[in-house]
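One structure below.
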Amino acid sequence: MNITNPGLIFLAAFIVNNILLMRYIGLCPFLGVSTSLATAFGMSAAVLFVMLLATWVTWIIYRFILFPLDIVFLRTATFILVIAALVQFVEMFLRKNFKTLYTAMGIYLPLITTNCAILGVTLLVINYNYDLLRATVFAVGSALGFGLVIILFSAIRERIEFAPISRSLRGYPIAFISASLVALAFLGFIGLLGLTL
């Protein structure tokens, strides 16, 4: 993606190149947590917070440590450690200072560690050679795109629960079919303001 305009970067990350539907990254929490609107909102907020923090920290580590020391081959392992550490710090901070919020987030905080959308965004920021402003815009757009799709999809899954579907398609099969139809709908945004995949 060779875009430099921050507004277009946001739009591309948010809709046109949505991290879930166009790149198929982060499908595990997407399918696991999208069973209700309440859990989808909690996951979206947690992903936004951690994705933004992880992008800032990994960008700084890459620019000021890995690249100058010519050890960029360590970036994936380093980024995974950073993301896991960030999630642990956020969890401890919330548990100590905001018990109500920590209880409301529940299992979603540790689940973010295994959300490969976080790692994917941090690696894409480096691959696209974004500065810190554009990296921030890209991370926010990707996180909000993740949230948009998971909330939209949770509403669909809540309706599917009451639909007359054969037993063989109930559960994950109909979820995958529904997700593919939502992805096809998002393909219609390709070409919006000249943005491509």
Side-chain angles (χ1 to χ4, degrees), residues 1-52 54-55 59 108 111-112 114-131 133-166 168-197:
M1 196 163 61
N2 193 15
I3 306 168
T4 55
N5 183 314
L8 290 179
I9 289 173
F10 176 83
L11 192 61
F14 183 54
I15 293 178
V16 178
N17 290 315
N18 187 282
I19 195 98
L20 276 173
L21 297 177
M22 297 301 139
R23 298 185 187 276
Y24 306 110
I25 303 175
L27 288 179
C28 297
F30 170 62
L31 290 171
V33 183
S34 62
T35 51
S36 75
L37 271 173
T39 57
F41 272 116
M43 188 65 170
S44 301
V47 165
L48 173 64
F49 185 70
V50 173
M51 191 175 282
L52 192 56
T55 300
W59 188 90
Y108 307 119
L111 271 179
I112 295 171
T114 60
N115 186 345
C116 49
I118 308 281
L119 178 63
V121 166
T122 58
L123 291 173
L124 285 171
V125 161
I126 299 303
N127 289 346
Y128 294 151
N129 202 22
Y130 284 150
D131 58 19
L133 170 68
R134 287 171 177 79
T136 302
V137 170
F138 183 74
V140 170
S142 297
L144 292 179
F146 181 93
L148 169 73
V149 171
I150 198 169
I151 289 169
L152 197 154
F153 194 62
S154 67
I156 293 172
R157 287 186 77 178
E158 284 188 353
R159 301 272 311 209
I160 287 175
E161 283 294 316
F162 302 103
I165 300 170
S166 77
S168 61
L169 289 177
R170 287 193 178 274
Y172 285 113
I174 194 65
F176 274 107
I177 292 169
S178 303
S180 65
L181 292 174
V182 173
L184 280 176
F186 269 68
L187 278 176
F189 291 113
I190 294 174
L192 180 70
L193 299 176
L195 295 171
T196 59
L197 288 176

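Numbers for residues simply follow the sequence, beginning at 1.
Separation of atoms SG (Cys116) and CD1 (Ile25) is listed at 6.5 Å; rounding is to 0.5 Å. Separation of atoms CD1 (Ile174) and CZ (Arg157) is listed at 10.5 Å; rounding is to 0.5 Å.
Panel note: side chain Trp59, backbone Thr136; no donor-acceptor pair is recorded below 3.5 Å. Without hydrogens or angle criteria, Asn18 side chain to Phe14 main chain gives a donor-acceptor distance under 3.5 Å.
Counting all heavy atoms, side chain and backbone alike, Ala139 lies closest to Thr55 at CB-OG1, 3.4 Å. When all heavy atoms of Val182 and Leu21 are compared, the pair lying nearest together is CG1-CD1, 3.6 Å.
In this structure, the side chains of Ser142 and Met51 come closer than 4.5 Å at one or more pairs of heavy atoms. Inter-residue side-chain proximity for Arg134 and Val125 is flagged as unmet; no heavy-atom pair is nearer than 4.5 Å. For the pair Phe10/Leu144, a side-chain contact is recorded, criterion being any heavy-atom separation below 4.5 Å from C-beta on. Residues Asn17 and Arg23 meet the side-chain proximity criterion, which asks for heavy atoms closer than 4.5 Å. Counting heavy atoms from C-beta on, the side chains of Val149 and Phe186 come closer than 4.5 Å.
Applying the 6.0 Å contact sphere to CD of Glu161 captures no more than 12 heavy atoms from other residues, nucleotides or ligands.
Classification of the Phe138-Tyr128 ring pair by plane angle, with boundaries at 30° and 60°, yields perpendicular.
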